[in-house]
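Structure, as structure tokens:
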Amino acid sequence: MLDAKYYANLGLSSIREKVLAGERLSHDDGLALFACKDITAVGALALHARCRRHGHKTFYVVNRQINYTNVCVNGCTFCAFRRDSEAEPGAFSLSLEEVLDRLRAADATPLHLDELHIVGGCHPARPLAWFETMLQKVRAFNPHLPLKAFTAVEIEHFSRLEGISTLEVLQRLQKSGLVMMPGGGAEIFDEEVRRQICPHKADAASWLRIAGEAHSLGIKTNCSMLFGHLESTEHRIDHLCRLREQQDKSGGFTCFIPLPFLTENSRLKLPEDKIGPQRGLDQLRTVAVSRLMLDNIPHIKAYWIMLGPKLAPVALWYGADDLDGTIVEEHIGHMAGAQSAQGMTIAELEHLIRSSGFVPVRRNATFVPLPDAQERTEAQ
Ligand code: V47
């Protein structure tokens with residue numbers, strides 16, 4: 001499949017050799033992969049790197065997402081989820097009881113959650129103590145449920161609100177049960193693009209510093225990139241290189257999620273050529289290049305909510321090894337026009353993985369593989 005002559009004709013000989021030898025690709029190699037016309041040649045290299053790490057395993061998690069509020073002080077121009085104040089139509093802020101109700105409802109089904117994923121907007125008036133109590137109550141309800149919550153952006157917001165360091169915020173949340181942080185809020189690190197799409201959000205240096213602080217405390221985190229808006233391929237490669245560099249230093253990134261920008265209800269208006277059906281190819285290529293550039297991050301997620309259930313399984317052949325999970329309720333993508341369902345059952349996820357030619361592996365929030373349902377029953 002990785003025929004030497006074919007790659008030579010594409011001008012990708014040295015990249016092919018590096019991938020086969022497990023060597024690191026350079027910034028310019030990343031650009032060459034974006035410039036290569038034959039997307040299947042790029043995909044085959046990414047598949048090789050994926051299979052070297054994971055074979056044909058594809059991971060999924062039985063999880064529930066809870067967005068506690070969409071009221072946010074950041075005012076990012078791209079974001080269809082956020083509301084500037086409680087008074088705006090469509091604004092919501094869950095009470096502690098409403099958060100717990102969602103958890104109780106999920107627990108009443110046979111799902112047996114292996115991850116609770118909690119994120120929200122940067123609310124102007126919710127103190128850190130509210131979030132500590134929330135984590136403590138969730139932990140009291142189910143001490144075995146891994147809590148994945150708060151992006152680096154929320155951590156910085158709590159630190160500003162409380163006038164304490166981000167490290168102290170992380171220590172307090174960890175004490176209350178935080179074990180893992182989701183990868184959102186990274187958007188695109190380039191300062192100029194960031195100024196246009198999210199000028200008030202934690203900047204690139206802060207986002208990366210907070211990830212490093214979390215890692216130093218033993219809190220694993222994910223990382224992400226929002227792409228397909230104003231950024232160029234250079235900006236994408238720069239973003240991936242900054243994540244790779246941070247990972248060399250602190251080592252706690254578990255999974256990278258390339259998030260294709262969904263354009264509905266956004267104040268950020270894109271030119272026609274950026275929003276057409278050709279974006280599917282760009283999304284697959286970006287998954288593949290991410291796998292090839294991020295040689296030190298074990299997992300690449302094809303997040304089915306944003307990629308859609310048709311493209312996400314194809315992305316498994318382009319370097320991704322994780323689909324995320326059952327989800328149950330999702331707002332961020334759906335308020336931006338995601339056509340996917342709100343959730344998938346375990347059977348649907350496993351069928352999707354098997355029928356795409358892969359082997360499903362159920363995992364928990366920190367990517368520890370779990371015994372499958374049959375093994376669980378037999379062990380009881
Ligand atoms: O931070 C916001 C992005 C992120 C849009 O860590 C958008 O396991 C596309 O980070 N179109 C939230 N993307 C989602 C996220 C995530 C999801 C699932 C799993 C994990 C994980 C993380 O979504 C935001 C932002 O980067 N986003 N608006 C949009 N219109």
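Note that ligands are numbered from 1 as they come in the structure, with each ligand's atoms numbered from 1 the same way.
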**Prompt:** With hydrogens left out, which residues have an atom under 4.0 Å from ligand 1, given that only heavy atoms count?
**Reply:** Phe78, His117, Lys148, Pro182, Gly183, Gly184, Gly185, Glu187, Asn222, Leu226, Ile257, Leu259, Pro260, Phe261, Leu262, Lys301, Tyr303, Met306, Asp324, Ile332, Ala336

**Request:** Kindly compute the distance separating CE (Met306) from OG (Ser224), expressed to the nearest 0.5 Å.
**Result:** 9.5 Å

**Complete:** The ring pair (Phe, Tyr, Trp, His ring centres under 6.0 Å) partners of Phe227 (sequence neighbours excluded) come to none

**Request:** Name all residues meeting the side-chain hydrogen bond (donor to acceptor under 3.5 Å, both in side chains) criterion together with Asp273; count only those two or more places apart in sequence or in a different chain, and write none if there are none.
**Result:** none

**Asked** Looking only at atom types and distance, does a side-chain atom of Glu115 sit under 3.5 Å from a main-chain N or O of Asn63, one as donor and one as acceptor?
**Response** no

**Request:** Applying salt bridge (Lys or Arg N to Asp or Glu O under 4.0 Å), name anything that partners Asp107, two or more places apart in sequence or on another chain.
**Result:** none

**Asked** CZ of Arg64 to CG of Leu103: how many Å apart, nearest 0.5 Å?
**Response** 8.5 Å

